[in-house]
S.K.: 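Below you will find the structure I want to go over with you.
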Amino acid sequence: MKYVEEFRDGELGRRIAARIAAAARPDRVYRFMEFCGGHTHAISRYGVTDLLPDNVRMVHGPGCPVCVLPIGRIDLALQLALEHNVTLATYGDVMRVPASDRMSLIRAKARGADVQMIYSVADALRLARDDPGRQVVFFAIGFETTTPPTALAIQQARREGLANFSVLCNHVLTPAAICNILESPDVRSLGTVRLDGFVGPAHVSTVIGSRPYEFFAEEYRKPVVIAGFEPLDVMQAVLMLVEQVNQGRAEVENEFTRAVTRDGNATAQQRVAEVFELRKRFEWRGLGEVPYSALRIRAEFAAFDAERRFPLTHRSVPDNKACACGAILRGARRPVDCKLFGTVCTPDHPIGSCMVSSEGACAAHYTYGRFKDVGVAAG
Ligand code: SF4
């Protein structure tokens, strides 16, 4: 398949690995955060870290959309499904994320709530069209990649006069999360997380372009290399980051030129701007309340905003005390640092959100890396 197989070529991978090993200075350690869950998955699945020298290390970031959804927001969806008797439509992974009181959307479904697994927001629109007498709420999550389809669905619902369709909006913004990490005590004052640069998002960047990351390169002196989700994309991005660090450069470079431009997709950005506006604050799992880090539906489209249509009570709920998801999402811990990893917490019985989606750091490591844990070197 074009643009897939050629980016999984083992021989090419070994050649890039040799170039990274030759470029990495032996007298220093390089630590690069891969922001996206897609990169986390690719790194684990294809054993990218096994090809890197010991002094080039990857740090998982908060870019898995399921992982960063806090318990309080899932509880809102549960209120809709259990107390307001709506049809709640969402993605399969979201249904399994643990919420308050040992509940989840899939457990609510087992208790009789109408929770429907869908593959896209178009499915939620269809559910609403097919049953006009029933309220259908789309539980929307995700970064800038999934926001334009939600905007289009809301505009479509208004055109069709669908009075029984609304959206519980949890769309979040990548640059605000990167900023939060760079400003966090872990990075700035405590120094417990040392970052030399970022592997920048792939799909998100097709929408927002590479321009928004220029701020991080200029203000924080952190190089960013936008990379595709295939293993050779990640390897090439790591090589470019090592070279930037060696040369004392902090720039935004684009490895994913086959899909990403500096300005991104202007049409998608326009649709998003028509329907959504910034929220002043939004809670993220692991990062806490992050200012201007998420979107809400504009007043003009209030009829399609589930938070306005239904009386809902939001409550911030702490994670399970033993779960290290928060620290993992900040890059301060690794899955193996959690004492529940692989014992109490597995993909079949997730205790925290990072064990749910295949893009979550814990799930990816459980699936592809746990057999290598004996003798794992301290990060
Ligand atoms: S292993 Fe489970 S409990 Fe531990 S940090 Fe990961 S998701 Fe949370």
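Both counts, for ligands and for their atoms, begin at 1 and track the order of listing.
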S.K.: Check R158 with E300, please: is the shortest side-chain N to carboxylate O separation under 4.0 Å?
M.R.: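 Looking at E300 and R158, the cut-off is met.
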S.K.: Mind checking whether F229 and H39 have ring centres under 6.0 Å apart?
M.R.: yes
S.K.: Would R28 pass as a cation-pi partner of Y30, given that its NZ or CZ must be under 6.0 Å from the six-membered ring centre and within 45 degrees of the axis?
M.R.: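 Verdict for Y30: a cation-pi partner in R28.
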S.K.: Can you give the donor-acceptor pairs under 3.5 Å from side chains of residues 199-208 to other protein atoms, not counting sequence neighbours?
M.R.:
from	atom 1	to	atom 2	distance (Å)
S205	OG	P201	O	2.5
S205	OG	Y213	OH	2.8
T206	OG1	H203	O	2.5

S.K.: Protein N, O or S atoms less than 2.8 Å from atom 4 (Fe) of ligand 1, ignoring waters?
M.R.: C338 SG
S.K.: Regarding R134 and T87, is there a side-chain donor-to-acceptor distance under 3.5 Å anywhere?
M.R.: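 Distance-only check passes for R134 and T87.
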S.K.: Answer yes or no for R298 and F301: cation-pi contact, defined as NZ/CZ to six-membered ring centre under 6.0 Å and angle to ring axis within 45°.
M.R.: no
